[in-house]
Amino acid sequence: MKKGIIFSVIAAVALAVIAGCASSPKNSGSTVELKTKSISFKSESGSLSIKNDVSDDVVVFAGKVEKDCVLGGIKKKEVRSFDLSKIPGIPTNGSLLIRVASYKTYRGKARVTEDDVIYTGLVVYDLKDPGDRSSLTIYKGVDVAQKNCIYASNESENYVLELREGNPSQGEVIATLAPLETNKRIFMNRRDDGFAYDFYATWVYVNPQTNEKTSMNSGKTDRKRAIPEAVGGNITPMRFEGPSVSKLGYDVAFISVQNDTGSGIEFRNGETTLKNQKGIRFTASGRSDVYEITSENGDSGQTYTGLKVEFDNFSKMAIAPTTFMPGYKYELVITEMNGNYEYAIREVGKKSLVEDSRIQLFME
C-alpha cells in the first residue's frame with residue numbers, strides 16, 4: 001500500500017513539472033522533490049526572449065519563486081525564447097516579473113527561495129498579438145557565486161523599481177523590485193578598480209487596460225552609490241521612496257513609431273539603433289512600438305538632428321531636426337507609396353504621473 005502511495009506522488013509531481021509550474025511537496029527534503037528538478041534548456045516558439053550574460057546556467061521562474069512556476073533554463077552566454085501562454089491562468093495581456101536562479105542552486109537545494117534569486121526583470125506581454133515580442137538580458141555583473149551583494153528597498157506602492165547602473169536613463173537594469181519590496185538582496189561582483197557603483201531608479205507603471213508603459217527616471221543628482229559587501233554582513237539598504245510631482249518628473253519623451261510599410265525598420269539616433277520599450281531594436285512591418293529618448297533640457301525640450309529610419313533594403317530616411325519635450329507623447333508614422341518612404345510626426349500630449357492606480361503584476 002505504501003509503495004502505491006509513493007508511486008502516485010511521484011507521478012503527480014512529474015505531471016506538474018511537465019506542465020511547467022509545479023507545487024513542491026511538503027516533504028521538501030525527500031527523494032521525490034529532487035526527482036522533479038529536470039529542466040528544459042530548449043527554446044520554444046514564444047514572445048519572450050532572454051539572453052543569459054552570466055557565466056552559469058540559470059533557471060527562470062514566472063512570478064514569485066515560491067509559486068514554483070518554472071519556465072525553463074538558459075545555458076550560460078546563450079539566448080532562448082519562452083512561451084508565456086503555457087503559464088496556468090495567465091491573463092491574455094498584462095505584466096509580470098520573471099526571476100532567475102543559478103541552475104547549480106536549483107539542483108542543489110530542496111526548495112529555492114527569494115534569497116536565491118540572482119536577477120529579476122519586468123515583462124509586459126500581449127498574448128492576443130501574435131507579433132508581440134519582449135527581450136531581457138540578465139545582467140553580466142551578477143555574482144553567481146552569491147558571495148557579495150547590495151540591498152535595496154522600493155518604498156513605492158504604485159511602481160515597479162528598475163535599478164540602473166551608471167546612467168539614469170541609459171544604464172543597464174541590474175535588478176527589478178516589486179512595489180513595497182524591501183531589503184531586496186542583489187548579488188553583484190565588486191568592481192576591479194575599487195570604486196563604488198552608481199545607481200539610479202527608473203519607476204515603471206503599466207496601465208492594465210491598455211498595456212501602455214510609463215517610465216520615469218531619477219536625475220543625475222538622485223544618484224546613490226554602494227560597494228557590494230559580503231553576504232551576511234551589516235549592509236544598509238539603499239532606499240528609493242518613489243516618484244512625486246514635487247521632486248521627480250520625466251527626462252524622456254515617448255515616441256510611438258508606427259510602421260505602415262512593407263519593410264521592417266530600425267529607428268536610429270546617428271549610428272545607434274534604439275531599443276523600444278520591449279527591449280527590441282526593430283519594428284516589424286505593420287507594427288507600432290514605443291521608444292523612449294532622453295530629453296534633459298527641462299521644459300524647452302531636447303532637439304535631435306540625427307534621427308533616421310533604416311529599411312530592410314538598407315535605404316535610410318532622415319527625420320528633420322525635431323524637439324522632444326520630457327514627458328510628452330509623439331507619434332511617428334512611416335508610410336510607403338510607389339516604393340517611396342515618407343513620414344509624419346506629431347505631438348500627442350503629456351503623460352501624467354500615476355497617483356492612485358497601482359501596477360498589477362501577475363503571480364505576485
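Values reported hereafter were calculated over all heavy atoms of this structure, with side chains retained and with hydrogens, waters and symmetry mates removed.
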Requested in this report: Tell me, with the steps shown, if Tyr341 and Phe311 meet ring-ring contact (aromatic ring centres under 6.0 Å, His included).
Outcome: CA-CA 9 Å; Tyr341 298 113; Phe311 301 91; 3.6 Å; yes
Query - Lys308 bridged to Glu271 by N-O distance under 4.0 Å - result: yes
**Report entry** Crowding at NZ, Lys147 (>12 non-hydrogen neighbours, <6.0 Å)
**Finding:** no
Report task. Could you tell me whether a side-chain N or O of Asn276 sits under 3.5 Å from a main-chain N or O of Gly279, the two making a donor and an acceptor? Result -> yes
Query raised in the report: Any side-chain heavy atom of Val117 sitting closer than 4.5 Å to one from Lys184?
Result: yes
Requested in this report: State, with a plain yes or no, whether a side-chain heavy atom of Ile265 is found less than 4.5 Å away from one of Ile334.
Outcome: yes
Query raised in the report: If you draw a 6.0 Å radius around CG in Asn183, do more than 12 non-hydrogen atoms from other residues or ligands fall strictly inside?
Result: yes
Query raised in the report: Would the number of heavy atoms belonging to other residues, nucleotides or ligands and lying under 6.0 Å from NZ of Lys140 be above 12?
Result: no
Report task. Please check if the side chain of Asp143 supplies one atom and the backbone of Asn148 the other of a donor-acceptor pair under 3.5 Å. Result -> yes
Query raised in the report: Any ion pair linking Asp129 and Arg287 (charged N to carboxylate O, less than 4.0 Å)?
Result: yes
Query - Distance in Å, Leu71 CG paired with Asp83 CG, rounded so as to fall on 0.5 Å steps - result: 9.5 Å
Query - Flag side-chain contact, heavy atom, 4.5 Å: Met363 against Ile87 - result: yes
Report task. In plain terms, say whether Lys329 and Glu347 are close enough for a salt bridge, that is, a side-chain N and a carboxylate O under 4.0 Å apart. Result -> no
Requested in this report: Provide the closest heavy-atom pair for Ser215 versus Thr202 in the form atom of the first, atom of the second, distance.
Outcome: CB-CG2, 4.1 Å
Query raised in the report: Quick one: which of Lys109, Arg185, Arg111 gives a side-chain hydrogen bond (donor to acceptor under 3.5 Å, both in side chains) with Asp116?
Result: Lys109
Query - Side chains of Val60 and Ile98 in contact at under 4.5 Å (non-hydrogen atoms) - result: yes
Query raised in the report: With a cut-off of 6.0 Å (strictly less than), are more than 12 heavy atoms of other residues, nucleotides or ligands near NZ of Lys51?
Result: no
Query raised in the report: Are the side chain of Ser95 and the backbone of Val206 linked by a donor-acceptor contact shorter than 3.5 Å?
Result: no
**Report entry** Lys351 NZ/CZ over Tyr328 ring centroid, <6.0 Å and within 45° of normal
**Finding:** no
Report task. Taking Gln302 for its side chain and Glu296 for its backbone only, find out whether a donor-acceptor pair lies under 3.5 Å. Result -> yes
Requested in this report: Report yes or no: does Thr120 contribute a side-chain atom to a donor-acceptor pair with the main-chain N or O of Arg99 at less than 3.5 Å?
Outcome: no
Query raised in the report: Is Arg239 atom CZ crowded by more than 12 heavy atoms from other residues, nucleotides or ligands, each under 6.0 Å away?
Result: no
Requested in this report: Report the C-alpha distance between Ser256 and Ser288 in whole Å, list the side-chain angles of each, state the deciding distance to 0.1 Å, and finish with yes or no for side-chain hydrogen bond (donor to acceptor under 3.5 Å, both in side chains).
Outcome: CA-CA 6 Å; Ser256 176; Ser288 180; 3.1 Å; yes
Query raised in the report: Where the side chain of Asn154 meets the backbone of Glu181, is there a donor-acceptor pair that is under 3.5 Å apart?
Result: no
Query raised in the report: When rounded to the nearest 0.5 angstrom, what distance separates CE in Met337 from OG1 in Thr261?
Result: 13.0 Å
Report task. Return the minimal non-hydrogen interatomic distance between Ile359 and Pro179, and the atom names on each side. Result -> CG2-CG, 3.6 Å
Requested in this report: With the side chain counted from C-beta on, respond yes when Tyr197 and Pro228 share a heavy-atom pair under 4.5 Å apart, and no when they do not.
Outcome: yes
Query raised in the report: Take atom CG in Asp193; do more than 12 heavy atoms of anything else shown fall under 6.0 Å from it?
Result: yes
Query - Heavy-atom donor-acceptor pair, Thr303 side chain to Thr322 backbone, under 3.5 Å - result: no
Report task. Could you tell me whether Arg223 and Asp198 make a salt bridge, using a distance below 4.0 angstrom between a side-chain N and a carboxylate O? Result -> yes
**Report entry** Polar side-chain atom of Thr283 near backbone of Asn259 as donor-acceptor pair, under 3.5 Å
**Finding:** no
Requested in this report: Drop me the distance from Tyr200's OH to Ile174's CD1, to the nearest 0.5 angstrom.
Outcome: 12.5 Å
Query raised in the report: Can you find a side-chain donor-acceptor pair between Asn158 and Ser156 that sits under 3.5 Å?
Result: no
Report summary line: Between Met188 and the options Ile227, Ile150, Val142, the side-chain contact (heavy atoms from CB on, under 4.5 Å) test singles out Ile150
Requested in this report: Tell me, with the steps shown, if Glu342 and Asn340 meet side-chain hydrogen bond (donor to acceptor under 3.5 Å, both in side chains).
Outcome: CA-CA 7 Å; Glu342 298 180 350; Asn340 297 316; over 6 Å; no
Query raised in the report: Can you tell if the side chain of Phe240 reaches within under 4.5 Å of the side chain of Trp203, non-hydrogen atoms only?
Result: yes
Query raised in the report: How about Thr294 and Gln170: does a side-chain donor come under 3.5 Å of a side-chain acceptor?
Result: yes
Report task. Please report the C-alpha distance between Asn217 and Val252 in whole Å, then the side-chain angles of each, then the deciding distance to 0.1 Å, and finally whether the side chain to side chain contact (heavy atoms under 4.5 Å, CB included) criterion is met. Result -> CA-CA 8 Å; Asn217 301 319; Val252 297; 3.5 Å; yes
Query - Salt-bridge contact Glu114-Lys64 (side-chain N to carboxylate O under 4.0 Å) - result: no
Report task. Please answer whether the main-chain N or O of Lys42 pairs with a side-chain N or O of Arg80 as donor and acceptor at a distance below 3.5 Å. Result -> yes
Query raised in the report: Do Ser49 and Ser81 have side-chain N/O donor and acceptor atoms under 3.5 Å apart?
Result: no
Requested in this report: Identify the residue among Asn211, Asp132, Asp126 that makes a side-chain hydrogen bond (donor to acceptor under 3.5 Å, both in side chains) with Asn93.
Outcome: Asn211
Query - For Phe41, ring pair (Phe, Tyr, Trp, His ring centres under 6.0 Å) partners two or more places apart - result: Tyr103
Report task. Working to the nearest 0.5 Å, report the span between CD of Glu229 and OG1 of Thr236. Result -> 10.0 Å
Query raised in the report: So does Asp57 pair up with Lys75, basic N to acidic O under 4.0 Å?
Result: yes
**Report entry** 4.5 Å side-chain heavy-atom contact, Val100 and Ile50
**Finding:** no
**Report entry** Basic-acidic side-chain contact under 4.0 Å: Glu266, Arg281
**Finding:** no
Query raised in the report: So, Ser153 side chain and Glu155 main chain: donor-acceptor pair closer than 3.5 Å or not?
Result: no
Query raised in the report: Under a 4.5 Å cut-off applied to non-hydrogen side-chain atoms, are Val231 and Cys149 in contact?
Result: yes
Query raised in the report: Taking the six-membered ring where the residue is Trp, are the ring centres of Tyr330 and Phe254 under 6.0 Å apart?
Result: no
Query raised in the report: Ion pair present between Asp53 and Lys77, side-chain N to carboxylate O less than 4.0 angstrom?
Result: no
Query raised in the report: What is the distance from atom CG of Asp260 to atom CD of Glu336, rounded to the nearest 0.5 Å?
Result: 10.5 Å
Query - Pair Ser102-Gln146, side-chain hydrogen bond (donor to acceptor under 3.5 Å, both in side chains): steps then yes or no - result: CA-CA 9 Å; Ser102 164; Gln146 297 173 266; 5.5 Å; no
Query raised in the report: Any luck finding a side-chain donor-acceptor pair between Thr137 and Glu172 under 3.5 Å?
Result: no
Report task. For the pair Arg346 and Glu331, find out whether any cationic side-chain nitrogen is under 4.0 Å from an anionic carboxylate oxygen. Result -> yes
Query raised in the report: How long is the span from the CG atom in Leu274 to the CG atom in Asp289, to the nearest 0.5 Å?
Result: 12.0 Å
